[in-house]
Each structure stands twice: as structure tokens, then as C-alpha cells.
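Quick notes on the structure that follows.
Worth knowing before you read on, the calculation uses all heavy atoms, side chains too, and leaves out hydrogens, waters and symmetry mates.
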Amino acid sequence: MRKRIGKRLLAAAAVIMAAVCLFASACATAPRKNTAAFFDYFDTVITLTVYSNDAALVKRAKEEAEACFSRLNALFDIYNEYEGVANLASVNRRAGETVKVDPDIIALVSAGKRYYETTRGALNIAMGAVLKLWHDCRTAAEADPENASPPDPAALEEASKHCDIDNVVIGEGELTLLDPAMSLDVGAIGKGYAADRAAEKLDALGAPFMLNCGGAVLTNGKKPDGSDWIAGISDPAGEGGFIAEVPVSGAALSTSGSYLRCFTVGGKRYGHIIDPATLFPAEGTESVSVLVPGFSAMDADALSTACFILGRDGGEALVSAFGGASALFALPSGERAYTSGFPGR
Ligand code: ADP
Ligand code: MG
């Protein structure tokens, strides 16, 4: 009897030891969470989270992501030109001429033309002339809030005559703005395009990651422990909390709102997303978040801006016609509206 108990104790001890060893080795190999932040690109803060114990891989991930954002930020910049690069600022300055450009500019502008069609003109990257007037007023308002004012409606009307997307002609490695008074503004999609390119590079390294570029979040699958990456959608009322916490594993989520980049005149808030139909800031929603499966940060970015302009009804129709996408609309009444497929609806 005593002998049998002894054997049982030994067997139990062996099982416990095996479990302890397994736990210890799991702890030793569980991928570590590494983070990096970049502050100099796309006028926002970009954060990268990578799970890996391989220091060389983590270093490479940070370097490759930063190199990608740095290069595309320079190419897509509409305000500054850089030595030896023909970027969008060069294209705008040389409107009326044909300019040789990088394939990433061609790809972005081609996508912009496609979004013009899918959004029936709500998203128009050729609206630079109008957007510049709003941008200048916002910059002036930040410097001198007391004397802030919206653009003169007559100036907006005049600028709107120079926003025809058909005057953006894409050639073999070159771009021509046929109207010398027109300009491109890719603020609605450039960041998303860059996030997709960075994600492709990061995915090739084989480690789970999350990229957070201002309002756009992108991941390449689940976390190493099998749980979902979660992205919080900020409360547009500015209370500091989240209105939703959304699983974004293997997907991209983008939020557009007017509560961050805006200025106020006589108590009225003017946002940075402009409705081409009125030439004034869109006002139907407080924020719109769009979730798209895959490395689709640009689609999510384009759709969230377009839905913000189109409002709940037009936005719902746009998202449902777009395979796999779903949206959350935060309405001024405080109500939330979801399209089918949005997590937690
Ligand atoms: P954020 O840059 O704050 O993430 P969005 O992705 O929604 O916001 O894009 C807003 C930017 O898009 C504006 O700052 C402006 O540069 C540009 N934009 C505003 N209205 C339009 C429009 N109707 N069509 C195309 N681009 C627009
Ligand atoms: Mg956008």
C-alpha cells in the first residue's frame, strides 16, 4: 500500500514538474511586445507594435517602417519640396506641365481617381484649390484665434472651377494637371496608402504587428497568444473615453472626424473635411469609423472621409456596396449607427 502511494506521488510530482517546465519554456519563448513611435510623418503620430524576441528583427521592423513613412511623406507632401525629388508639391507648382514622378505617386493618384468614381465625387483629390483656402484660414485661426474667419464664399466659388478630376492626366511614369490653376490634395488617402505599404514590408518579416497612424489602425492577424488586437474609437465629444473598442485582427480601421483639425468663429466650428457640394465643412456626423479586412488602410481612410461627407444615409449605401467593409457613425444626437458586419453592433 505504502509502495503504491509512493508511486502515485512520484507520478503526480512528475506531471507537476513537466507542467512547470512547459510553463517556464512557454514564458521564455513568449514573444515580447516592442513599440516605437514616429513623429515626423503625415502630420500625425505613428506607432508600431511588434511581438518578437528577435532583437535584429525588431530593429529591422522599425527601420523599414520608418524608411517607408519617410519616403512616402516626402513624395506626398503638398506643402514642401525636397532636393532631388519631384513630389506632389512639385506637381502642383508645375500645374499645366507634364512632370515625371515616382510610381507611388502614380499609384496614389490612380487610386484617388477611382475613389472619385466610387464616392460619386464626394472624395476629390483634385479639390486642392478649395482645400487650400480652408487650410489657410485654419492656419491663420491657429495663429490668431480672435480674428479667425472662414474663406470668402466668392473665392471658394472661383476655386471650385479648378477642381475637375478629368484634368488630372496620368501617363507612363508622368503626371499632368491640365488646368494651371488646379492642385492636388491627398490628405484623405495618403496616410492610408503609406500604412498599407509599410504593412507589406512588416508582414514579410513574419512577426505579428499593429500600426497606428493617427486615425488609421492596421494589423496582420491576431496577437501571438491568439487574442484579437483591439483599437479604441475616441469619443468625438472629447470626453477622453472610447465610444467603441473594435477587434482589428487582419484588418484596417480608419476614423474621420471634424473635432480635431478645426477652428471656431463666433462659436461655430469649421472642420477640415469639405463637402464638394457646398464647399463648406461637412456636418452630418461627429465621426465615422470604417473597418475593412486585409491591408486596406487606404480603402478605410478613403471610405471614412467619404462617409463623413455623405452622412449616414449616403455613407451606409457606399459602405454596403464596398465588399467586406462596415462602418460606425457617431451622430450629433449622441446616437450611434452601425452598418451590418461592424463588430459589436
Ligand atoms: P485626417 O487626415 O484627419 O485623418 P481624413 O483622412 O478624413 O482626416 O482626411 C481629411 C483631409 O482630406 C483634409 O485635411 C483634406 O486635406 C482632405 N479633404 C477634405 N475634404 C476632402 C474632399 N471632399 N475630397 C478629398 N480630400 C478632402
Ligand atoms: Mg481619410
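Put simply, the side chain of Thr35 does not reach to within 4.5 Å of the side chain of Thr47, judged on heavy atoms. Side chains of Val248 and Met210 form a contact here, defined as non-hydrogen atoms less than 4.5 Å apart. Annotation: side chain of Thr305 is in contact with side chain of Leu123 (closest heavy-atom distance under 4.5 Å). Looking at heavy atoms from C-beta onward, Val288 lies out of side-chain contact with Thr255 at the 4.5 angstrom threshold. Residues Leu205 and Arg60 meet the side-chain proximity criterion, which asks for heavy atoms closer than 4.5 Å. Between Ile125 and Asp185, every side-chain heavy-atom pair lies at or beyond the 4.5 Å cut-off. The shortest distance between side-chain heavy atoms of Cys262 and Tyr270 does not fall below 4.5 Å. Residues Ser254 and Leu303 have side chains not in contact (no heavy-atom distance under 4.5 Å, counting atoms from C-beta outward).
For the pair Gly171 and Ile106, the tightest heavy-atom approach, listed with the atom from each and the gap, is O-CD1, 4.2 Å. Listed here is the closest heavy atom pair of Glu316 and Ala337: OE2-CB, 4.3 Å. The shortest non-hydrogen separation linking Cys137 to Phe263 is CB-CZ, 3.9 Å. When all heavy atoms of Cys213 and Ala195 are compared, the closest pair comes out as SG-CB, 3.8 Å. Contact between Leu72 and Ala194 at its shortest, heavy atoms only, is CD1-CA, 3.6 Å. The two residues Ile230 and Pro247 make their nearest non-hydrogen contact at CD1-CA, 3.9 Å.
Ring geometry for Tyr41 versus Phe69: interplanar angle under 30°, hence parallel rather than tilted (30 to 60°). By the 30° and 60° cut-offs, the orientation of the rings of Trp229 relative to Tyr51 is tilted.
Under a hydrophobic clustering in which Ile, Leu, Val, Met, Phe, Trp and Tyr are joined whenever their side-chain heavy atoms come within less than 4.5 Å, directly or via other members, Leu211 and Ile233 fall into different clusters. There is a path of hydrophobic side-chain contacts, each under 4.5 Å, that joins Ile78 to Ile105. Connection of Leu131 to Ile165 is not established within any shared hydrophobic cluster, with ILVMFWY side chains joined at heavy-atom distances below 4.5 Å, either directly or through further cluster members. Residues Val217 and Val45 do not share a hydrophobic cluster, defined by chaining ILVMFWY side chains whose heavy atoms lie under 4.5 Å apart. Hydrophobic clustering of Ile, Leu, Val, Met, Phe, Trp and Tyr side chains at less than 4.5 Å, counting indirect connections, unites Phe42 with Leu218.
Here the CG-CD1 distance, from Asn73 to Ile46, works out to 8.0 Å after rounding to the nearest 0.5 Å. Atom CG of Asn80 and atom CG of Leu88 lie 12.0 Å apart (nearest 0.5 Å). Within the model, atoms CG of Asp77 and CG of Asn87 stand 6.0 Å from one another, a figure rounded to the nearest 0.5 Å. Taking CD of Glu158 as the reference point, atom CG of Leu279 lies at 11.5 Å (rounded to 0.5 Å). Asp152 CG to Leu133 CG: the interatomic distance, rounded to the nearest 0.5 Å, is 9.0 Å. One finds the CG atom of Leu328 at 9.0 Å from the CG atom of Leu331 (value rounded to the nearest 0.5 Å).
Between the side chain of Asp196 and the backbone N or O of Ala297 there is at least one donor-acceptor pair closer than 3.5 Å. A donor-acceptor pair under 3.5 Å links the side-chain atoms of Ser160 to the main chain of Glu157, judged by distance alone. With Asp102 contributing its side chain and Leu75 its backbone, the two residues share no donor-acceptor pair below 3.5 Å. No donor-acceptor distance shorter than 3.5 angstrom exists from the side chain of Asp235 to the backbone of Ile243, with no hydrogens or angles considered. For Thr219 (side chain) and Gly250 (main-chain N/O), a donor-acceptor pair under 3.5 Å exists by modelled atom type. Between the Ser234 side chain and the Pro236 main chain, no donor and acceptor come within less than 3.5 Å of each other. The main-chain N or O of Val50 is found under 3.5 Å from a side-chain atom of Asn34 such that the two form a donor-acceptor pair.
Pairs engaging residues 118-134 under the side chain to side chain donor-acceptor pair (under 3.5 Å) rule: Lys132-Asp136 [sequence neighbours left out]. Listed by first then second residue, pairs satisfying salt bridge (Lys or Arg N to Asp or Glu O under 4.0 Å) with a partner in residues 30-44 read Asp43-Arg261, not counting sequence neighbours. Residues in residues 203-214 take part in these side chain to side chain donor-acceptor pair (under 3.5 Å) pairs, two or more places apart or across chains: Asp203-Asn220. Among pairs with a residue in residues 322-336, those fulfilling salt bridge (Lys or Arg N to Asp or Glu O under 4.0 Å) read Arg312-Glu335, at least two apart in sequence or across chains.
Within a 6.0 Å sphere centred on NZ of Lys62, other residues, nucleotides and ligands contribute more than 12 heavy atoms.
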### Task
List the steps, then state whether side chain to side chain contact (heavy atoms under 4.5 Å, CB included) holds for Ser289 with Val246.
CA-CA 10 Å; Ser289 303; Val246 184; over 6 Å; no
### From CA spacing to verdict: side chain to side chain contact (heavy atoms under 4.5 Å, CB included), Leu184, Leu177
CA-CA 9 Å; Leu184 300 175; Leu177 304 185; 4.0 Å; yes
### Query
Under the side chain to side chain contact (heavy atoms under 4.5 Å, CB included) criterion, do Ser256 and Ile273 qualify, and how do the steps go?
CA-CA 9 Å; Ser256 288; Ile273 300 175; 3.8 Å; yes
### Task
Under the side chain to side chain contact (heavy atoms under 4.5 Å, CB included) rule, what do Glu142 and Arg138 come out as? Steps first, then yes or no, please.
CA-CA 6 Å; Glu142 275 157 15; Arg138 197 170 75 244; 3.9 Å; yes
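Between Phe308 and Phe329, the ring center distance fails the sub-6.0 Å criterion. Taking the six-membered ring where the residue is Trp, the centroids of His135 and Tyr79 are separated by under 6.0 Å.
A salt bridge is defined here as a Lys NZ or Arg NE, NH1 or NH2 lying under 4.0 Å from an Asp or Glu carboxylate O, and Glu117 with Lys113 fails to meet this definition. Taking a cutoff of 4.0 Å between a charged side-chain nitrogen and a carboxylate oxygen, Glu174 and Arg94 do not qualify as a salt bridge. Between Glu64 and Lys59, no side-chain nitrogen of the basic residue sits less than 4.0 Å from a carboxylate oxygen of the acidic one, so the salt-bridge criterion is not met.
With no hydrogens or angles considered, a side-chain donor-acceptor pair links Ser227 and Asp225 at under 3.5 Å. Between the side chains of Ser90 and Glu81, at least one donor N or O lies within less than 3.5 Å of an accepting N or O. If you check the side chains of Tyr193 and Asp104, you find a donor sitting under 3.5 Å from an acceptor.
When the options Val109, Ile189, Val186 are evaluated for a side chain to side chain contact (heavy atoms under 4.5 Å, CB included) with Phe76, the one that passes is Val186.
When the ring pair (Phe, Tyr, Trp, His ring centres under 6.0 Å) test is applied to Tyr115, no partner is found at least two apart in sequence or on another chain.
Clustering of Ile, Leu, Val, Met, Phe, Trp and Tyr side chains at separations under 4.5 Å places Leu178 together with Val169.
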